[in-house]
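See below for the structure under consideration.
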Amino acid sequence: MNRHELLDVATISMSGLLVRNSRFFSRSLSSAPIGDVVSGTAIDIEDVRTGSVQEVSSSTPVGKFQAAYLVAQWRGPDVPTLLYHHGSGEQPFDFGRFSSNSFRRLFGTNADPDVNLIALRAPFHDRSNREYIRAMGDLEHFVGMLATSAALIEALADRLRETGCPAILAAGISLGGWAVNLHRAYCEGVNRYVPMFAGARLGEMFVSSIYRKLAAEPALTDPEALCNVLDFEDRFTDADSDDCDPLLARYDRIIEFEKQRSAYDGIDIAVLEKGHLTGSLATAALRTHIQRSIADV
């Protein structure tokens, strides 16, 4: 085990001890399959508003959820637009000097001058990490959260196309990467997808990677049931268009390279020689990857 893997294992193991009384899916494992929920989720946005955080509500087969978006940079309707989705547990609109959100790291002082930037916030990410983990005690909350994020990408893309936007990209890291991939599998309207540290075997992550230490025992004793709800690789690989620029980390012990790479069969994968945590902090490499995708649309 190298230092990249060791950091992933140590961090998640410690987190598992801290949340041992409120782990993922500890209250309920009941949920419709994630693809059905994504397909049945809707968000109505009249127009893309600039200037401040815009709260939105989703209607899903598993309930109603609150999300938000923020137009962080608007250069006009005639340049490409990048929709960016944060990782798990981030406070995506906290742009303070000591904040750890990935949007600030990637774009805070190095924004591409020729692209519109819109940051997305998933449900349950307007609160503390402890409150977020507590909400994830119900599998339906986790599924509804991701379905809402995919629907928010779709709603924004619809409105942007109406303005004449020449190209729309959806990028995300970790949790955000899963949301981006769900949109690619079940929705349409985005020209380029840039999933970083994500695949299409979402249930597999909870039952076989080090992330299993954050999952409740009932989920681990019936891994097939969890995978039936969360995995969507078959649907993802059916989308054979050349519209995806994935990035994985070879030594990632959460989004395991050998387990998740199969979703990208026939697609060029950018690979960092890092782990999940060290890769997430490789800001220059992540920014370059996104900028290449923007340049290619």
Side-chain angles (χ1 to χ4, degrees), residues 4 48 50 69-87 90 92-95 99-121 149 152-153 156-157 160-161 163-184 189-199 239 241-250 252 255 257 260-261 263-264 266-297:
H4 304 287
V48 179
T50 62
Y69 70 90
L70 173 67
V71 178
Q73 175 173 285
W74 186 257
R75 299 304 190 199
D78 55 345
V79 301
T81 298
L82 174 69
L83 309 175
Y84 179 81
H85 195 298
H86 59 85
E90 286 189 34
F93 302 150
D94 178 3
F95 300 125
S99 67
S100 62
N101 84 68
S102 55
F103 186 89
R104 185 187 67 83
R105 291 198 306 271
L106 288 168
F107 307 111
T109 58
N110 292 275
D112 190 317
D114 297 320
V115 66
N116 300 317
L117 290 173
I118 303 180
L120 280 56
R121 187 185 73 202
S149 289
L152 181 53
I153 293 171
L156 289 168
L160 289 165
R161 284 197 303 274
T163 69
C165 182
I168 302 164
L169 301 93
I173 188 168
S174 196
L175 176 72
W178 294 105
V180 165
N181 280 349
L182 277 167
H183 186 278
R184 182 177 184 266
V190 167
N191 302 94
R192 204 78 192 163
Y193 296 93
V194 193
M196 300 180 292
F197 310 137
S241 56
D242 183 20
D243 60 359
C244 191
D245 295 327
L247 181 146
L248 294 173
R250 191 177 308 278
D252 195 329
I255 314 300
F257 183 77
Q260 302 298 337
R261 67 185 299 182
Y264 303 118
I267 299 173
D268 289 336
I269 306 172
V271 181
L272 294 184
E273 301 298 320
K274 294 183 180 294
H276 193 86
L277 295 176
T278 55
S280 297
L281 294 174
T283 302
L286 301 182
R287 187 188 300 118
T288 297
H289 182 72
I290 294 172
Q291 288 173 336
R292 286 173 178 164
S293 296
I294 294 171
D296 287 343
V297 295

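Taking each heavy atom of G87 and S102 in turn, the nearest pair found is N-OG, 4.4 Å. Considering every non-hydrogen atom in both I294 and L82, the closest pair reads CD1-CD2, 4.4 Å. Closest heavy-atom contact between W74 and T81: CZ3-OG1, 4.2 Å. When every heavy atom of R287 is checked against every heavy atom of L106, the shortest pair comes out as NE-O, 2.8 Å. Of all heavy-atom pairs between V71 and V48, the closest is CG2-CG1, 3.8 Å. Among all heavy-atom pairs drawn from D245 and S293, the shortest one is OD2-OG, 2.7 Å.
How far CG of L175 is from NE2 of H85: 5.0 Å, rounded to the nearest 0.5 Å. Annotation: the span from H289 atom NE2 to L247 atom CG amounts to 4.5 Å, rounded to 0.5 Å. How far CG of D242 is from CD1 of I267: 7.5 Å, rounded to the nearest 0.5 Å. Atoms CD1 and CG, from I168 and L83 in turn, are 7.0 Å apart once rounded to the nearest 0.5 Å. The distance from the CG atom of L156 to the OH atom of Y69 is 6.0 Å, given to the nearest 0.5 Å.
When side chains are defined from C-beta on, N101 does not count as touching H86, because their heavy atoms never get closer than 4.5 Å. For the pair R261 and V271, the minimum side-chain heavy-atom distance is 4.5 Å or more. At a threshold of 4.5 Å between non-hydrogen side-chain atoms, the residues S149 and L120 do not count as touching. With a 4.5 Å cut-off on side-chain heavy atoms, Y84 and V194 do not count as touching.
Side-chain atoms of T288 never come within 3.5 Å of backbone atoms of A285 as a donor-acceptor pair (strictly under, hydrogens ignored). Within the 3.5 Å criterion, the main-chain N or O of F93 finds no donor-acceptor partner in the side chain of R121. With hydrogens and angles ignored, the 3.5 Å screen pairs no side-chain donor or acceptor of H4 with any backbone N or O of R250. Between the side chain of D243 and the backbone N or O of N191 there is no donor-acceptor pair closer than 3.5 Å. For the pair R184 (side chain) and C244 (backbone), a donor-acceptor distance under 3.5 Å is absent.
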Worked verdict on I290 versus F107 for side chain to side chain contact (heavy atoms under 4.5 Å, CB included): CA-CA 11 Å; I290 294 172; F107 307 111; 4.0 Å; yes
For L281 and R105, what are the C-alpha separation, side-chain angles and deciding distance, and is it a side chain to side chain contact (heavy atoms under 4.5 Å, CB included)? CA-CA 9 Å; L281 294 174; R105 291 198 306 271; 4.1 Å; yes
Stepwise side chain to side chain contact (heavy atoms under 4.5 Å, CB included) check, D252 with Q260: CA-CA 10 Å; D252 195 329; Q260 302 298 337; over 6 Å; no
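Shown here is D78, whose CG atom has more than 12 heavy atoms of other residues, nucleotides or ligands within 6.0 Å.
Relative orientation of the F197 and H276 rings is tilted, given thresholds of 30° and 60° on the angle between their planes.
For the pairing with Q73, the side chain to side chain contact (heavy atoms under 4.5 Å, CB included) check across I118, V115, N116 returns one residue only, V115.
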